[in-house]
Amino acid sequence: MRTRTLAPALLLLGSLALTTSCSTGASPNGPVPGGAGSAKTGTDTGSGVDPARIKGIRIVSDNSDDRSCRWAASYPDVPGAGAMTAAMKKDVDARLAGFRGQDGTPAAGCDGSSGASGPDDAELNVSFSFLVASGDVLGVRLTTLDRVSAGDGLDTRTYWYDGRNRTAGSALALIADGSRSDFVTAVQKQLRAEEGADPASLDDPANRTASLDDMAFTADGGLRVDFDRDTVGVAAGGRYTVTLPKATVTPWLSDFGKRVQSQTVNPSVGLDLGAASTPTAATPTHTASGDTTDCAAVKCIALTFDDGPAAPYTATLLTYLAKYDARVTFFTVGQNVVAHPELVRAEARAGHEVGNHSWNHPDLTRLTPAEIRSQLTRTSAAIKAATGKEPTLFRPPYGAINSEVRSLTTLSPVLWDVDTEDWKYPDASRVAQYVISKAGRNEVVLLHDIHPTSVAAVPEILSTLTARGYHFVTVSHLRATM
Ligand code: ZN
């Protein structure tokens, strides 16, 4: 029996609706009204924040695509908010290290066996969503799903950046120091109405700080507090959520909290954190004509690049591919597509194929049908918004697919023939040599454009294999002509 109780969490990732004002113990990750349909083109975070409008944004991603060691972690790096990026990096790195068993600690998630792992093995997924990106205020929620940890394995926390004072803060930074006990008392009062809640646990200062790590304003200025499971009792329905109305909470807010509240209710036109300079990487403008390669007559290879787009690596890759007139297939992750629609547009314009690799890289075989649909349709909608074209292919994260996943989508699944394991070996010449020595006619090769070393391997792959008579085509082109 597969564990399904955690699955709703994945819908939350990147999609928590701030307009929700429920104050009961219902999971914030419960059924998302509209599900996949709630994905608006280009503004896909549910909070109205369009990450593509944040100048110089970079999504830091580190994933495996290995069934024996399933992890995927992403967080944003916004220019000017370096202290917050550093805090999120520390958080994510610690979780990844714990899961992967680095630094001599036992591997919780990666047991060293390969290939034989079943669906009940561990999985770590760290995802993000923007809460506010407006004026001099930036708010990000990180959501971790860790299927080897105790409790429900779901952990969310919010990070706040104050561009005026150049400081990064946790959720409690929204509350004035002198008002914290009044605030906590009000939260406890609401929790008392919840079945199974243990409000007294907030009396302990250490537990208080750990528990009150996820707060954000609602669209009408109220403050919503989300509690991870087992922090303030055991909720029958999952996690506890408390929302304090605007009139109640406003007197307790810090100056920074008041600005966050104001920017949530009435966002400014843009985000200005006073970054000295925002890097603006050029987007390649290569435009390709139709591909007439006949894979029945010549030797073809379909290179595929998963988990992007990623700035600046994807742009570099596009320039390499254009040089050799190579066509490839990108299996993009939805949360990265909405951050970098210009890169996805450049991929399509250059004659490459853009496929769907889910919204935030979960093992789809562990999700409910509604979640599987949401993961795929939100991503397809984001791809269509960027390129004007619906994808027809998808690659399941970790290659994990079953009949249920197949039955829930019209997208055609694509696995691979050659796995470079480039996420494990960040070594350009190793990756290049692996592809050159292993890839054969009409085979599909798995690479990742989130790794600079994989991108750096591409010129050698293209030059060597082109000299050996290979042509580089998209997966759909290969399938249509081989
Ligand atoms: Zn992947």
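As the structure lists them, so they are numbered: ligands from 1, and atoms in each ligand from 1. Sequential numbering from 1 along the given sequence is applied to the chain's residues.
For the pair R67 and Y398, the cation-pi criterion (under 6.0 Å, within 45° of the ring axis) is not fulfilled.
Among the atoms of H361, an N, O or S atom falls under 2.8 Å from the Zn ion (ligand 1). Among the atoms of D306, none of the N, O or S atoms falls under 2.8 Å from the Zn ion (ligand 1).
Under the salt bridge (charged side-chain N to carboxylate O under 4.0 Å, His left out) criterion, D77 pairs with R58, sequence neighbours left out.
There is a side-chain donor-acceptor pair under 3.5 Å between D65 and H361.
Residues in residues 293-322 take part in these salt bridge (charged side-chain N to carboxylate O under 4.0 Å, His left out) pairs, two or more places apart or across chains: D306-R395.
Residue-level check: among N/O/S atoms of D307, OD1 sits closest to the Zn ion (ligand 1). The N, O or S atom of D65 with the smallest distance to the Zn ion (ligand 1) is OD2.
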